[in-house]
Amino acid sequence: MKSLLHRKSLPVGDYRIKFSKFVRVLPRVDGLQITTPLATAMVLLKDQRLFPTLVKLVSACDQKSFQEALPVDLLEHHEDVVSLLLSSGIAGVCDHEGVVDIDKDAVDAGWTPEDLAFHCHTREQMIDVCRDPSPPKPINKQQFPAKHQRIILSTAVLPEPSHNHHNLGFFQVVRERKTIRAYHEQPVTAGVLSDFLWYSMHIREEILCDPGLSRAYSGLLRPVASAGALHSIELYLCIHRCIGLQPGFYHYDSFNHSLGKLSDLGEPCLQMLDLAAASTCRAPQVTSVSPSQGQRPDVLVVMAARYGRHASLHQHTGLSYALILKDVGSIYQQLYLVATALGLAPCGLSFGSSELFEQASGLSGRLECSVGEFMIGNPASTHGFDPGAAVLA
Ligand SMILES: Cc1cc2nc3c(=O)[nH]c(=O)nc-3n(C[C@H](O)[C@H](O)[C@H](O)COP(=O)(O)O)c2cc1C
């Protein structure tokens, strides 16, 4: 029960009741737990004879048909059972369109059950109140080290990062940042790619976080921020074309600033590139389909989260996945700004396939799962790209 649980009595006259659209039924050893993110209480159904009522409440159910689903000895308590369902907030009274009264605002706003559950689960005020009362355990350094190295086929050493990007000041970069989805025929160079990765994600330092506490763990400092300095997001690169680097699928070793080749540009990578291209069919700002529709980027950056590293610190708060997504947002902006400063064409993406990433990386999605995609290339001439300058870079 949350606070503010008020007893609701039966509606007057004819009524139809139904489960909230957001209801979830979870099996427990002692019964079925019924809850919704909006409910003020959770109902634990222990008496198996009541299970048929669950089926009834999936669709709008009038008083008579609800009573028929009750065991005979509970018939006289019919009103109390309905009152309990309504008071808990797992069921409500339906309007003529079948929308349950307690769901109305959420349904009008278009909340999906998944989003609402995720939102409510991760936005409870709980700095001091954790779901799991046991103290957080230290991160298993062997299993989830801060620096992540992969078994690779070969290493591609990246050129030294350049420190001479004084042509654009910071505020100019911020002003000029924009999405560009059209690429020049001249591909990016290994030099520019090296700078892009260095100024976005290279590891500056490994630090001990929460040093005074038993859960002390190693964190990282990078140009981009990360909640808890966990930095559990790794960059993978589908290199389609890049002067100075073989096409293929690479992991960015952000400590050694090198690329570890995992495979050639196989079918899963090509499909990821095609999916990326298909996600850019039209910029929301323009009315017609862009002529650059569907261009494969020179490089597709895939962000993959090591969920276990985050969970080892945040399992007790239940915030792991929410914080991973916030870190992804932070990385998107970093990639946008650095790409703009380097004169690259940046484009964040909304769509990606964990399955294709799993096939390309050869890792179980439970260990590392793709959570974001970003495309870069040299901007088409219409965006002021000078190929001569790029080759020099
Ligand atoms: C998280 C995120 C996802 C995006 N997804 C796509 C996408 O799937 N396809 C696309 O063409 N652009 C995508 N974009 C780019 C936006 O469409 C772009 O930022 C928006 O139109 C504003 O334009 P601007 O970046 O030039 O200011 C995405 C941007 C972000 C930050």
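Indexing begins at 1, ligand by ligand and atom by atom, following the structure's order. By convention here, the first residue in the shown sequence is residue 1.
- Nearest protein heavy-atom contact of atom 8 (O) of ligand 1 is Ser350 N, 3.0 Å.
- Between Lys21 and Asp103, none of the side-chain N atoms (NZ, or NE/NH1/NH2) sits under 4.0 Å from a carboxylate O, so this pair counts as no salt bridge.
- At under 3.5 Å, not a single nitrogen or oxygen of Phe351, backbone or side chain, sits near a nitrogen or oxygen of ligand 1.
- Within the listing of ligand 1, atoms 11 (O) sit less than 4.0 angstrom from a heavy atom of Thr280.
- Looking only at distances, no side-chain donor or acceptor of Tyr321 sits under 3.5 Å from a matching main-chain atom of Phe118.
- Ring geometry for Phe374 versus Tyr336: interplanar angle over 60°, hence perpendicular rather than tilted (30 to 60°).
- Checked for salt-bridge contact, Arg7 and Asp80 meet the test: a charged N lies under 4.0 Å from a carboxylate O.
- Ion pairing between a basic and an acidic side chain is recognised when a charged N comes within 4.0 Å of a carboxylate O; Asp210 and Arg215 show such pairing.
- Of the protein's non-hydrogen atoms, the one nearest atom 18 (C) of ligand 1 is Thr179 OG1, 3.4 Å.
- At the top of the distance list for atom 22 (C) of ligand 1, counting protein heavy atoms only, stands Gln285 NE2, 3.3 Å.
- Geometrically, ligand 1 and Lys178 share no nitrogen or oxygen pair separated by less than 3.5 Å.
- Heavy-atom contacts of Cys347 reach the following atoms of ligand 1: 10 (C), 11 (O), 12 (N) (cutoff under 4.0 Å).
- Residue-to-ligand polar distances place Arg177 within reach of ligand 1: an N/O pair is separated by less than 3.5 Å.
- Ion pair Arg49/Asp73 flagged as a salt bridge, since at least one NZ, NE, NH1 or NH2 atom sits closer than 4.0 Å to an Asp/Glu carboxylate oxygen.
- Ligand 1 lies out of reach of Gln333, whose nearest heavy atom is not under 4.0 Å from it.
- Residue Tyr336 has at least one heavy-atom neighbour below 4.0 Å for each of these atoms of ligand 1: 15 (C), 19 (O), 29 (C).
- Given atom 6 (C) of ligand 1, the protein heavy atom at minimum distance is Gly348 O, 3.1 Å.
- Annotation for Leu75: hydrophobic cluster partners, listed by chain and number, are Leu10, Tyr15, Ile17, Phe19, Val23, Val25, Leu32, Ile34, Val43, Leu45, Leu50, Phe51, Leu54, Leu57, Phe66, Leu70, Leu74, Val81, Val82, Leu85, Leu86, Ile90, Val93 (ILVMFWY side-chain heavy atoms under 4.5 Å, direct or chained).
- Here the closest non-hydrogen pair linking Glu234 and His148 is OE2-CB, 3.3 Å.
- Under the 6.0 Å cut-off for aromatic ring centres, Tyr236 and Tyr252 do not qualify, their centroids lying 6.0 Å or more apart.
- Looking only at protein heavy atoms, the nearest one to atom 9 (N) of ligand 1 is Ser279 O, 2.7 Å.
- The shortest N/O to N/O separation between Arg181 and ligand 1 falls below 3.5 Å.
- For atom 1 (C) of ligand 1, the closest heavy atom belonging to the protein is Tyr332 CE2, 3.6 Å.
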